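The first residue of the sequence shown is numbered 1, and numbering continues consecutively from there. Since the structure is predicted, the reported quantities are computational estimates derived from the model, not experimental observations.
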Amino acid sequence: MIVLTYVDDCIIVGNSVKEIDEFIKSLQGGKEDFILTDEGNIDKFLGVEIVDRGRGEFEMKQPHLIDRILQSLGLKDNEFECH
């Protein structure tokens with residue numbers, strides 16, 4: 001299982017739904033008694049767009065950062081193709 005946390009945002013990923021559920025219950029029922037909400041399938045985290053490609057594969061991209069870099073270089077994103 002992997003837990004990514006930034007301030008009050010968190011992503012929990014793993015191979016076992018049961019393991020993830022048990023981890024969440026331990027956070028909610030522990031002495032800290034965290035209040036958690038499940039936002040469903042992830043599509044964005046900290047400005048990173050996340051696309052589920054299936055079979056456990058995810059694509060992550062930062063188009064806003066790419067646009068800023070292109071702008072600072074005086075380029076337009078339609079001048080060339082990125083893959």
Side-chain angles (χ1 to χ4, degrees):
M1 178 177 10
I2 299 172
V3 180
L4 303 170
T5 306
Y6 181 78
V7 185
D8 64 348
D9 291 320
C10 181
I11 298 175
I12 304 169
V13 295
N15 294 326
S16 167
V17 174
K18 181 181 176 188
E19 181 182 7
I20 293 170
D21 287 342
E22 288 172 356
F23 176 71
I24 291 171
K25 286 178 186 173
S26 74
L27 291 174
Q28 293 172 326
K31 68 178 183 177
E32 298 293 333
D33 198 24
F34 291 101
I35 298 170
L36 305 174
T37 57
D38 184 347
E39 301 293 328
N41 291 337
I42 189 166
D43 61 353
K44 192 176 272 191
F45 185 71
L46 302 175
V48 177
E49 291 182 14
I50 302 170
V51 178
D52 185 351
R53 295 289 180 203
R55 301 177 319 275
E57 296 176 12
F58 292 88
E59 176 183 341
M60 300 189 307
K61 53 189 173 181
Q62 290 182 291
H64 299 312
L65 177 60
I66 293 168
D67 289 343
R68 247 189 359 207
I69 292 169
L70 291 175
Q71 186 178 24
S72 71
L73 295 173
L75 301 172
K76 296 178 184 171
D77 61 353
N78 61 358
E79 291 179 345
F80 56 92
E81 273 189 47
C82 293
H83 296 280

For the NZ atom of Lys44 and the CE atom of Met60, what is their distance to the nearest 0.5 Å?
14.5 Å

Leu46 CG: over 12 foreign heavy atoms closer than 6.0 Å:
yes

Hey, does Phe23 have a side-chain heavy atom less than 4.5 Å from the side chain of Val3?
yes

Does a sphere of radius 6.0 Å around CD1 in Ile35 hold more than 12 heavy atoms from other residues, nucleotides or ligands, not counting ones at 6.0 Å or beyond?
no

So if you build clusters from Ile, Leu, Val, Met, Phe, Trp, Tyr with side-chain heavy-atom gaps below 4.5 Å, do Val48 and Ile66 land together?
no

Does Asp9 have more than 12 heavy atoms from other residues, nucleotides or ligands lying within 6.0 Å of its CG?
yes

Are Met1 and Val13 connected in the hydrophobic side-chain network, where two residues link if heavy atoms are under 4.5 Å apart?
no

Between Cys10 and Thr5, the two heavy atoms sitting closest are SG-OG1, 3.7 Å

Are Val7 and Ile2 connected, step by step, through hydrophobic side chains (Ile, Leu, Val, Met, Phe, Trp, Tyr) whose heavy atoms are closer than 4.5 Å?
yes

So how far is it from Asp52 CG to Glu59 CD, rounded to the nearest 0.5 Å?
11.0 Å

What distance do Arg68 atom CZ and Gln62 atom CD have between them, rounded to the nearest 0.5 Å?
9.0 Å

ILVMFWY network linking Tyr6 to Ile42, side-chain heavy atoms under 4.5 angstrom
yes

Indicate the atoms forming the closest heavy-atom contact of Phe45 with Ile11, along with that distance.
CG-CD1, 3.2 Å

Output the distance between atom CG (Leu36) and atom CD1 (Ile12), rounded to the nearest 0.5 Å.
7.0 Å

Should we count CD of Gln71 as having more than 12 external heavy atoms under 6.0 Å?
no

